[in-house]
Amino acid sequence: MRVVFAGTPEPAVPSLRRLIESEGHEVVGVVTRPDAVAGRGRKVTRSPIGRLADEHGIPVFTPRRPSEPEFIEQLTELAPDCCPVVAYGALLPESVLDIPRHGWINLHFSLLPAWRGAAPVQAAILAGDEITGASTFRIEKGLDTGPVYGMITEKIRVTDTAGDLLARLADSGAHLLESTLDGVEAGALQAVPQSLDGISYAPKVDPEAGHIRWDQPALAISRRIRAVTPAPGAWTEVDGKRLKLAPVELIEENLPERSIEIRKTGVYIGTATTAVRLTEVQPQGKRMMPALDWARGARLQPGAVVE
């Protein structure tokens with residue numbers, strides 16, 4: 001099939017790479033979000049998908065909105081049979097959905113209809129789900145509501161961050177997406193409407209979601225930190241200064257809520273239940289470091305607490 005691939009961030013790269021290497025499909029174009037300012041140097045940077053397409057000489061389209069007449073004309077001229085989508089980052093208008101004869105097929109990192117929306121991996125970890133996965137479905141007007149072609153499952157490990165889990169799903173999902181396109185092209189695969197039971201939503205995770213509330217149970221705190229790692233990142237405040245947090249360890253010991261206790265074995269913080277031990281932290285303007293190194297240099301006053 002002639003395909004135009006739509007995607008933007010790193011988790012979309014395994015799928016595009018697999019389709020480029022596929023013998024059964026030809027990637028005739030790539031759609032990605034416009035180049036954006038990123039990093040400490042504030043340089044204009046190409047998206048990971050854009051860079052991969054450039055390396056292979058594939059035409060790249062970066063419309064600010066997919067509804068732009070110029071982009072619709074370009075897509076129509078390419079005459080794709082199908083448009084696979086992985087984390088593109090923009091809503092597709094009806095005016096472009098009907099251009100490819102097999103429609104737009106999305107790889108979504110959840111077991112639909114669970115966790116429709118922008119942050120399904122983060123939501124699954126935060127909720128304490130034991131199993132998640134990925135789904136391929138045909139995009140329609142609603143938010144992740146289209147009929148499903150296939151699914152794979154993935155166990156969520158107790159130490160998984162969102163980054164860890166998403167990396168595994170991106171790899172296994174690339175296989176699912178390719179096999180879905182194979183089945184659609186052969187006429188051997190039909191999409192099945194999603195169940196009306198078990199619908200849940202995963203809205204975009206903003207930086208404030210990473211602000212840890214120490215009046216919650218230790219397990220909930222641990223899940224939240226893992227869910228927002230590596231982005232947007234978990235954080236707390238000590239002496240009015242922001243402190244970024246790596247995943248913590250659960251400790252079977254009680255400490256006063258929000259209190260900080262420094263020992264030879266580490267830095268401990270009290271929660272609504274049992275304590276947690278900090279592993280690594282990142283003070284403002286510095287790199288990640290062992291929590292004990294930070295605590296020794298911070299010269300915390302007796303009775304210091306996290307906010």
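Worth knowing before you read on, the calculation uses all heavy atoms, side chains too, and leaves out hydrogens, waters and symmetry mates. Quick caveat, the model's predicted, so the values are computed rather than measured. Numbers here simply count residues along the sequence, with the first being 1.
Rounded to the nearest 0.5 angstrom, R226 CZ and I125 CD1 are separated by 6.0 Å.
With hydrogens and angles left out, the side-chain atoms of D182 and S179 include no donor and acceptor closer than 3.5 Å. Under 3.5 Å, the side chains of T145 and E140 contain a donor-acceptor pair of N or O atoms.
Closest approach of L107 to S15, counting heavy atoms only: CD2-OG, 3.6 Å. Shown here for S200 and A114, the closest heavy-atom pair between the two residues is OG-CA, 3.4 Å. Taking all atoms of both residues into account, the shortest heavy-atom contact from L143 to G117 is CD2-CA, 4.2 Å. Summarising the geometry of F137 relative to V148, their closest heavy-atom pair is CB-CA, 3.9 Å, with the distance given to 0.1 Å. Across all their heavy atoms, V276 and I251 have their closest contact at C-CG1, 4.1 Å. Closest of all the heavy-atom pairs between M151 and L112 is CE-O, 2.9 Å.
A heavy-atom distance below 4.5 Å is found between the side chains of I99 and I72. V238 is listed as a side-chain neighbour of W294, based on a closest heavy-atom distance under 4.5 Å. No side-chain heavy atom of L250 sits less than 4.5 Å from a side-chain heavy atom of T274. Taking 4.5 Å as the limit, every side-chain heavy atom of L92 sits out of range of all side-chain heavy atoms of C83.
Electrostatic pairing of D160 and R168 counts as a salt bridge here, judged by a charged N lying under 4.0 Å from a carboxylate O. At a threshold of 4.0 Å, the pair E280-K244 does not count as salt-bridged, since none of the basic side-chain nitrogens sits closer than that to a carboxylate oxygen.
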Using side chain to side chain contact (heavy atoms under 4.5 Å, CB included), reason through E257 and D215 one step at a time and then give a plain yes or no.
CA-CA 7 Å; E257 194 174 289; D215 59 351; 3.3 Å; yes

With side chain to side chain contact (heavy atoms under 4.5 Å, CB included) as the test, would you mind laying out the steps for I49 and V86 before giving the verdict?
CA-CA 10 Å; I49 283 298; V86 185; over 6 Å; no

Would you please test W115 and V121 for side chain to side chain contact (heavy atoms under 4.5 Å, CB included) and show each step?
CA-CA 8 Å; W115 303 129; V121 172; over 6 Å; no

Test side-chain hydrogen bond (donor to acceptor under 3.5 Å, both in side chains) on T229 and T161; report intermediate values, then the result.
CA-CA 6 Å; T229 299; T161 64; over 6 Å; no

Dump the intermediate steps for side chain to side chain contact (heavy atoms under 4.5 Å, CB included) on V4 and F61, then the final yes or no.
CA-CA 10 Å; V4 171; F61 303 92; 5.5 Å; no

Determine, stepwise, if the pair R101 / D81 fulfils salt bridge (charged side-chain N to carboxylate O under 4.0 Å, His left out).
CA-CA 5 Å; R101 63 189 180 96; D81 297 310; 2.9 Å; yes

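Remark: side-chain polar atoms of S22 are not paired, donor with acceptor, to backbone N or O of R18 under 3.5 angstrom. Side chain of T136 to backbone of G150: a donor-acceptor contact under 3.5 angstrom is found. Remark: side-chain polar atoms of R2 are paired, donor with acceptor, to backbone N or O of L78 under 3.5 angstrom. A distance-only check finds no donor-acceptor pair linking the side chain of R46 to the backbone of D35 [under 3.5 Å]. Judged by distance alone, the side chain of E154 and the main-chain N or O of L169 form no donor-acceptor pair under 3.5 Å. Using a distance-only test at 3.5 Å, with no hydrogens or angles considered, no donor-acceptor pair links the side chain of Q194 to the main chain of I199. Between the D293 side chain and the R296 main chain, no donor and acceptor come within less than 3.5 Å of each other. The closest donor-acceptor contact from the side chain of N106 to the backbone of H108 lies at 3.5 Å or more, if one exists at all. When atom types are taken as modelled, the side chain of R33 and the backbone of R64 share a donor-acceptor pair closer than 3.5 angstrom.
Within a 6.0 Å radius of CG in L91, no more than 12 heavy atoms belonging to other residues, nucleotides or ligands are found. Within 6.0 Å of the CZ atom in R263, the count of heavy atoms belonging to other residues, nucleotides or ligands exceeds 12. Summarising the local packing, CZ of R213 is surrounded by 12 or fewer heavy atoms from other residues, nucleotides or ligands at distances under 6.0 Å. The environment of Q284 atom CD is dense: over 12 non-hydrogen atoms of other residues, nucleotides or ligands sit within 6.0 angstrom.
Aromatic ring pairs are classed by plane angle as parallel below 30°, tilted from 30° to 60° and perpendicular above 60°; the pair W235 and H211 is parallel.
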